[in-house]
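Shown next, in structure tokens, is the structure this report addresses.
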Amino acid sequence: QKEVEQDPGPLSVPEGAIVSLNCTYSNSAFQYFMWYRQYSRKGPELLMYTYSSGNKEDGRFTAQVDKSSKYISLFIRDSQPSDSATYLCAMSGGYDTGNQFYFGTGTSLTVIP
Amino acid sequence: KAGVTQTPRYLIKTRGQQVTLSCSPISGHRSVSWYQQTPGQGLQFLFEYFSETQRNKGNFPGRFSGRQFSNSRSEMNVSTLELGDSALYLCASSWFSGGGIEFFGPGTRLTVL
């Protein structure tokens with residue numbers, strides 16, 4: 001079983017739709033949870049991060065962490081064509097998780113004008 | 001605050017050659033990780049350096065090596081290049097080894113002919 005599972009999509013939505021991206025994980029020691037956005041042929045850009053459980057909102061983006069279910073989500077409201085990218089989830093936990101960052105495989109999102 | 005920088009941004013090499021990639025982390029970050037990203041495999045962890053010591057290594061052959069200098073700048077070397085080494089090589093930095101939040105550079109796109 002992979003440490004982090006992410007549905008690769010592709011996901012295609014009309015402009016203005018609410019997008020839900022999700023990842024599940026197996027190691028309860030993860031403490032930091034991140035979402036990255038990656039445009040084609042560019043490096044991943046940190047979009048949101050959350051420490052431990054809870055919600056975090058930044059503009060049109062909301063990150064949720066449910067540690068009891070080992071499940072994290074990223075919601076994009078009023079999606080725009082410029083949101084078309086691959087979204088990667090990532091998590092870390094320092095020594096308790098082998099001093100490594102663990103990434104999902106990425107979900108490809110296309111927002112259709 | 002300047003982000004993670006990588007040089008060069010693009011490289012074209014032929015099989016059998018060697019290549020050195022450079023990464024400058026965000027000021028104050030002591031951990032530098034390297035990843036290989038290909039369309040079919042996603043993000044693959046190469047190795048991580050913290051305070052000039054390799055702390056973690058992924059499942060790559062010995063042709064892939066790295067080092068970190070006292071100013072936290074890092075280099076990655078690939079010897080005896082193979083066609084399959086064509087990829088986007090990403091450097092990421094963080095304050096802690098495998099903990100906290102990781103920030104990526106723009107990547108070096110390596111093409112092996």
Side-chain angles (χ1 to χ4, degrees), chain A residues 2-10 21 23 25 27-52 56 58 61 63 65 72 74 85-109, chain B residues 1 3-10 21 23-26 29-51 53-59 86-111:
Chain A
K2 281 188 178 180
E3 295 273 5
V4 181
E5 300 275 2
Q6 183 176 11
D7 186 340
L21 304 167
C23 288
Y25 61 94
N27 193 334
S28 58
F30 287 131
Q31 293 288 341
Y32 290 88
F33 303 90
M34 292 145 276
W35 286 95
Y36 295 88
R37 177 175 62 194
Q38 186 174 22
Y39 292 114
S40 181
R41 305 177 77 84
K42 305 284 188 185
E45 166 197 4
L46 181 67
L47 202 55
M48 301 278 287
Y49 72 90
T50 311
Y51 175 72
S52 195
K56 189 170 184 179
D58 184 3
F61 300 89
V65 175
I72 69 171
L74 177 70
T86 296
Y87 290 81
L88 293 156
C89 65
M91 38 202 87
S92 66
Y95 177 83
D96 291 338
T97 55
N99 289 321
Q100 277 193 44
F101 289 85
Y102 296 85
F103 291 84
T105 52
T107 300
S108 176
L109 170 68
Chain B
K1 203 178 214 184
V4 179
T5 58
Q6 291 186 247
T7 56
R9 294 293 309 280
Y10 303 93
L21 311 181
C23 171
S24 291
I26 290 171
H29 286 193
R30 294 165 64 191
S31 171
V32 174
S33 296
W34 288 90
Y35 298 86
Q36 181 194 67
Q37 189 177 43
T38 57
Q41 298 293 321
L43 264 178
Q44 303 287 311
F45 173 73
L46 281 154
F47 30 66
E48 184 244 352
Y49 286 86
F50 182 83
S51 294
T53 302
Q54 187 180 88
R55 297 287 285 266
N56 276 297
K57 190 176 191 307
N59 190 26
S86 295
L88 180 67
Y89 290 88
L90 292 160
C91 167
S93 75
S94 62
W95 284 280
F96 311 112
S97 179
I101 304 154
E102 203 166 48
F103 295 85
F104 283 87
T108 294
R109 184 160 297 279
L110 172 65
T111 301

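Proteins get letters first, then strands, A, B, ... in listed order; numbering begins at 1 in each. Being a predicted model, the structure only gives us computed values, none of them experimental.
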Under 4.5 Å to a heavy atom of chain A? For B:Phe50 that would be neither
The interface call for B:Ser94 against chain A, heavy-atom contacts under 4.5 Å, is side chain
**OP:** Before giving the answer on side-chain hydrogen bond (donor to acceptor under 3.5 Å, both in side chains), spell out for B:Gln37 and A:Gln38 the whole-Å C-alpha distance, their side-chain angles and the decisive distance to 0.1 Å.
**Re:** CA-CA 12 Å; B:Gln37 189 177 43; A:Gln38 186 174 22; 2.7 Å; yes
Residue from A:Glu45, A:Met91, A:Arg41 scoring the most non-hydrogen pairs under 4.5 Å with chain B is A:Arg41
With A:Phe30 as partner, the option from A:Thr97, A:Val65, A:Ile72 fulfilling side-chain contact (heavy atoms from CB on, under 4.5 Å) is A:Thr97
### Message
Could you tell me if A:Ser92 and A:Gln31 have a donor-acceptor pair between their side chains, going purely by distance under 3.5 Å?
### Response
no
So, the part of B:Leu43 with a heavy atom under 4.5 Å from chain A: the answer is side chain
With a 6.0 Å cut-off on the ring centroids, do B:Phe47 and B:Tyr49 count as close? yes
Please report whether the ring centroid of A:Tyr32 lies less than 6.0 Å from that of A:Phe101.
no
Cut-off 4.5 Å, heavy atoms of chain B, and the answer for A:Tyr102 is neither
Okay, B:Glu48 and chain A: the region with an atom under 4.5 Å from a heavy atom over there is side chain
